[in-house]
Amino acid sequence: MHKYLIKRIFMMLPTLLGAGIFIFFLLRMIPGDVCLVRLGGQGGFVDPAAILACQQQLGLDQPLLVQFVTWFVSFFTLDFGVSMWTAQPIIQEVGLRFELSLQIAIMATLISIAIAIPLGIISAVKQNTWVDYLVRTFSIAGIAMPSFWLGILLILGILLTTQWWSGIPWLPPITYVPIWEDPARNLLQLIWPALATGYRYSAVATRMTRSAMLEVLREDYVRTARAKGVMEKLIVNRHALKNAMLPVITVIGIEFAFLMGGLVVTEQVFNLNGLGKLFVDSVTNYDYAMTQSLVLLVAVIFVITNIVIDVAYAWLDPRIRYS
Amino acid sequence: MTTVTNIEPARLPDKKTISTIVWRWCKRQPFGAVCGLILVGIILVAMFADVVSPYDPELNDFANMLTAPGSEFLLGTDQFGRDVLSRVIYGAQTALFIGFTAAFFGSFIGLVLGVTSAYLGGWFDLILQRVMDVFMAFPSIIIALAIVATFGSSTEIVILAITIPMIPNCARVVRSSALQIREIPYVDAARSLGFGHVRIVMRHMVPNVMAPYLIMFTSFLGQAILAEASLSYLGLGVQEPTPAWGLMLQGGAEEYAESAIWIAIFPGLAITLAVFAFNIFGDAVRDTLDPRLRSQ
Amino acid sequence: MGVMRRLLIAGAAATVGLAGAAQAETPKYGGTLNFVVGGNAPSFDGHQESTFAVIHPMAPFYSLLIKVNPENPSDPTAFVCDVCVGDVPKATDGGTTYTFPIVKNAKFHDGEALDAHDVAASLNHVMFPPEGVLSVRRAMYEMVESVKATDDYTVVIKLKYATAAFVPALANPYNWIYSASKLEADPNWYKTNIVGSGAFKLGEVQAGASFTGTKFDDYHVEGLPYLDGFKAIIAPKQSLRVQAIRGGRADIEFRSFPPKSRDDLIGALGAEQVNVQESTWNCNLSVSLNHNFPAFKDPRVRKALTLAIDRWGGSKYLSQIAIMKTVGGLIYPGHPWARSDEELEKIPGYWRDVEKSREEARRLLKEAGYENLSFDLVNRNVDQPYKIAGTWLIGEWKKIGVKASQRAVPTGEWFRSYRETKNYEAAVTATCQSIVNPILDLANNLSIDRSPQNYRDYINRDLDAVYDKAAKATTDEEAGQYMRDFEKGILDDNAHYMIVLWWHRLIPHRSYVKGWKVSPSHYLGQTLVDVWLDK
């Protein structure tokens, strides 16, 4: 097991190196740079000397290869540098947003599990009945709606409902407070995006639960149990569910990793100051330093989550052996 | 019955068989069939957009800005006085074009890479898999964003941006199916007979991975439409005045979400309906093609 | 002259709503102002930045030497002292020397006293930046010879030549007063630190999310500010900013909302809950035609394209959906030098008879041999007002048979394509200045070798000569006359440049926000010193 873990962690490196190279050179191909956006985005006077000074300050006038090696080496010595946009240390800029993204990811995952598992089971047990169709319609509708559309309608719905209810329109808080400082306010802000995201992401897990359940329900031991006259409810709960959970856990784990960096659109709609919004901002601002660090961060999260899933898998199912 | 069949031309039973197959499939997958019908509807609307659509989708008409749905404009007009219905209809063209192109190339390139990787094995396989790892280490929207930010947001680039993250997904699935087939004796037999690589791959391996390939293809269709909408929402999708669903939801739809909610509702519904239909239809196709599920 | 017009525009800037008599009320102390900001600030250093996303959250932390008159920020010619004493001094030595006495009771938030040396060091940091320090507005101060502190409470600024452009340039809202000792220790210190001498001191910065400020008890003006503090909330999505005001999460937004959002707010909250302030904005939306593109070498083609645009009609319709409204020439329509409507109507593209105008456009195109002209229109992929304007312009040109295809690109690429590489055919461009200062504002129309801002890329020595006369004129009347001639030369026969419409600022805010007055620029009047809450 240890050997396996070490090997897996070692195998991360080429992936991360590749991701680094990919994003570094891709960004450098974008026409324009951070200085043009910073100084030219407002339509005022732009002094060419100022743009040059800005580029020199940021080292953008150095050869590409030098820039790449400098950045990549410092990343792995955990020196993330400063943002080209705000001039603040990247670690500081990322810290708070990471906290918010992590909380949303956890909340959305929990909501997604709470929706997916019961619905998936019902859908499997009542396969091809109207209940099954209803559940599938509900769950596929979630993933078929553009996330921002769901968000826009949700916000509008909250405003209109509260206005209708109390006469005063109410909007969830739009600035973040850490959960240990003010739990009520924190949850009041984050529950809505978590609900929207959790619902959307439950679709895949529901489908997975359903098909895993169907498969397990056809297995011999379930048939045997059924033949022995064990109650259907007991079969589902005791025998089938436990074994159906493995693929579901995988799906949920992968989703969790995506939620950490992939809430790009939802964060825009709800004005959440998370990693996804930071990513969009840094891309539109041509903040190479920040974008590169974020991309590697997301990749690290993703790779690590995958390792954790695999380990959990082995732990849950002793039949699986890693060589 | 039987005697009649015997004297009829030989082609007829075939025809009957096809319609029977479709009919049986519809009976077994009624949900999928309904969605398939919706898809056919959307495709027809897109194909005959110039006939069905009541107005020019790009015609600015400031005398009729933000008109509510009514007899003149069935789904109302947007902030430029353009007919929302016509734009939704033409938007189907854009959506299907982007959806089919991205899904086709995404799954096709994935298929080729997956099969080749499985067939050749060795270093080629190893390096290709590591490259795939790189692309699979991010949410696809992040890759798409980076590509569009780099190369601009023409329709071709948007398609490229949506396609690239699909390739590794498909390649990986196809590769694992292909690996199983590679071990089957008849591939070995073909090789020992001295057939070329291309022939073995094309004749023996590709047909056998068609099931996972089709499954990926159908699921990509919906994903591509959603991805295009997300890019548009971030201002990086196709550009005005092109009628496109995602684009219709960007800017105006949010700004006028309250006073002119029809701008926000209808394109969103169109996306949801199309992606929904693609998903359910895709599920039905998968249930049919996946041998493990066929016994259902 | 444009007196009537000026009055009309000043009238439009007046408060609309029920609380018109608010100014007579006695201000109340206390409370926290919450406002939304539609952008994320780059560094904290005003000298090095040029976005309202820096001004709105951070201007309250800093003092200026002189500023626009907070009583009447719409007047482009009135300035008052901030850390100087008395009125803004008149120039001596034939208009080349300005002597500023500095207040003696000003302090920085960390307790350090503010004196003339700090003022001089800050202005020098802007006007004569040391090697490796970026100063965005350095080029505005080419007329300045030197800035010196002659004693602890006197600053003397010497000019190379007398010009009407200097005082408005000095009042630039980004010229924050920094500490001389901190600048000397590290000229980039203010990029990541905020220590000013303004009415508010920094509370907390939440990166990318919010800035808070609390009342500075040692502020150099007795009895101010009224507020206990403020919170600037960063919210890039416009719809969310509107909803924040509606849902009670914010009281005001200082940049501008589109007309529909104003209507939605009034509709949802009721007219007595919302005050609306409006002003013509010192920003214009323009079309730059690259004079190197074969078709646009021909002045007839350029003229045809400007003739095709129905500005008066566009003003009527676009002002309902976009932050644009006022028809105007190159000079800010609220400035005394600006052309009146009657004068504008004589310039091609401003004719009232749209059909005649389009007819003439078609004739010119035919004569020039470009009847089926088609070109690529680079635009910025920002809705308000760029993409709305671009979409509208394409429709206008379609009416004279010209096919323009829009290519909306991210800001950096947009800017680069017309500025750096000059690799474009036509571009939707915008000019956005803070203090109205026509001489400097129009400098981007000088020949390309004199102004790198001339994105059209032409040389016209006759017009340069007219401009130079304006810049060095000793009286305002004289300067104004030359500037008007210059404006006519750019717009009329040569059609070097096309102003489409001037932007329009629309600030709907909660009616309990008092003491804030709209100005022609979203960069001006943001110290929040006079703002109070009537709650």
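Excluded from the calculations below are hydrogen atoms, water molecules and symmetry mates; all remaining heavy atoms, backbone and side chain alike, are included. Lettering of chains follows the sequences in order, A, B, ..., and the numbering in each one begins at 1.
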Whether over 12 other heavy atoms sit under 6.0 Å from B:Trp262 CH2: yes

What part of A:Val283 lies closer than 4.5 angstrom to a heavy atom of chain B: side chain, backbone, both or neither? side chain

Can you name the nearest heavy-atom pair linking A:Ala144 to B:Leu226, along with the distance? O-CD2, 3.6 Å

Locate the shortest heavy-atom distance separating B:Ala146 from A:Leu26; write the atom from each residue and the value. CB-CD2, 3.5 Å

Out of curiosity, A:Met29 CE to B:Phe151 CZ, how far, rounded to the nearest 0.5 Å? 3.5 Å

Heavy-atom distances under 4.5 Å only: say whether A:Thr291 touches chain B with side chain, backbone, both or neither. neither

Please classify the contact between B:Ile225 and chain A as side chain, backbone, both or neither, with a heavy-atom cut-off of under 4.5 Å. neither

Give the C-alpha distance, both sets of side-chain angles, the deciding distance and a yes or no for side-chain contact (heavy atoms from CB on, under 4.5 Å) between A:Leu153 and B:Ile265. CA-CA 9 Å; A:Leu153 296 184; B:Ile265 290 289; 4.1 Å; yes

Is it the backbone or the side chain of A:Leu160 that comes under 4.5 Å from a heavy atom of chain B, or both, or neither? side chain

Take B:Ile261 and A:Leu156 through the side-chain contact (heavy atoms from CB on, under 4.5 Å) test and state the conclusion after the steps. CA-CA 10 Å; B:Ile261 194 155; A:Leu156 194 64; 3.7 Å; yes

Provide the closest heavy-atom pair for A:Val264 versus B:Ile142 in the form atom of the first, atom of the second, distance. CG2-CG1, 4.3 Å

Quick check against the 3.5 Å criterion: does A:Trp149 have a side-chain atom that pairs as donor or acceptor with the backbone of B:Ala264? yes

Can you measure from OG1 (A:Thr15) to CD (B:Gln129) and round to the nearest 0.5 angstrom? 11.0 Å

Nearest heavy-atom neighbours spanning B:Thr272 and A:Ala141: CG2-O, 4.3 Å

Evaluate side-chain contact (heavy atoms from CB on, under 4.5 Å) for B:Asn279 paired with A:Arg207, printing each intermediate quantity in order. CA-CA 11 Å; B:Asn279 265 300; A:Arg207 187 194 288 184; 3.4 Å; yes

Interatomic spacing from CZ in A:Phe148 to CD in B:Gln250 - rounded to 0.5 Å: 9.0 Å

So what's closer than 4.5 Å to chain B heavy atoms on A:Phe279: side chain, backbone, both or neither? side chain

Who are the salt bridge (Lys or Arg N to Asp or Glu O under 4.0 Å) partners of A:Arg200, not counting sequence neighbours? none

Relative to the ring of B:Phe31, is the ring of A:Tyr133 parallel (under 30°), tilted (30 to 60°) or perpendicular (over 60°)? tilted

In terms of heavy-atom pairs under 4.5 Å with chain B, the winner among A:Leu259, A:Leu27, A:Thr137 is A:Thr137

Surrounding CD1 of A:Ile168 (heavy atoms of other residues, nucleotides or ligands, distance under 6.0 Å), is the total greater than 12? no

B:Arg130 CZ to A:Leu17 CG distance, which is reported to the nearest 0.5 Å: 13.0 Å

Portion of A:Val300 that has a non-hydrogen atom of chain B nearer than 4.5 angstrom: neither

So which heavy atom on A:Ile140 is nearest to which on B:Asp283, and how close? CD1-OD2, 4.3 Å

What part of A:Ile23 gets within 4.5 angstrom of chain B, counting heavy atoms only: side chain, backbone, both, or neither? side chain

Let me know if B:Met132 has heavy atoms under 4.5 Å from chain A in its side chain, its backbone, both or neither. neither

Please determine whether the number of non-hydrogen atoms from other residues, nucleotides or ligands lying under 6.0 Å from atom CZ of A:Phe68 exceeds 12. yes

Minimum heavy-atom distance between A:Gln268 and B:Tyr233, given as atom pair plus value: CB-CE2, 4.1 Å

Just so I understand: if I count every heavy-atom pair under 4.5 Å between each of A:Val269, A:Leu16, A:Ile155 and chain B, which residue has the most? A:Val269

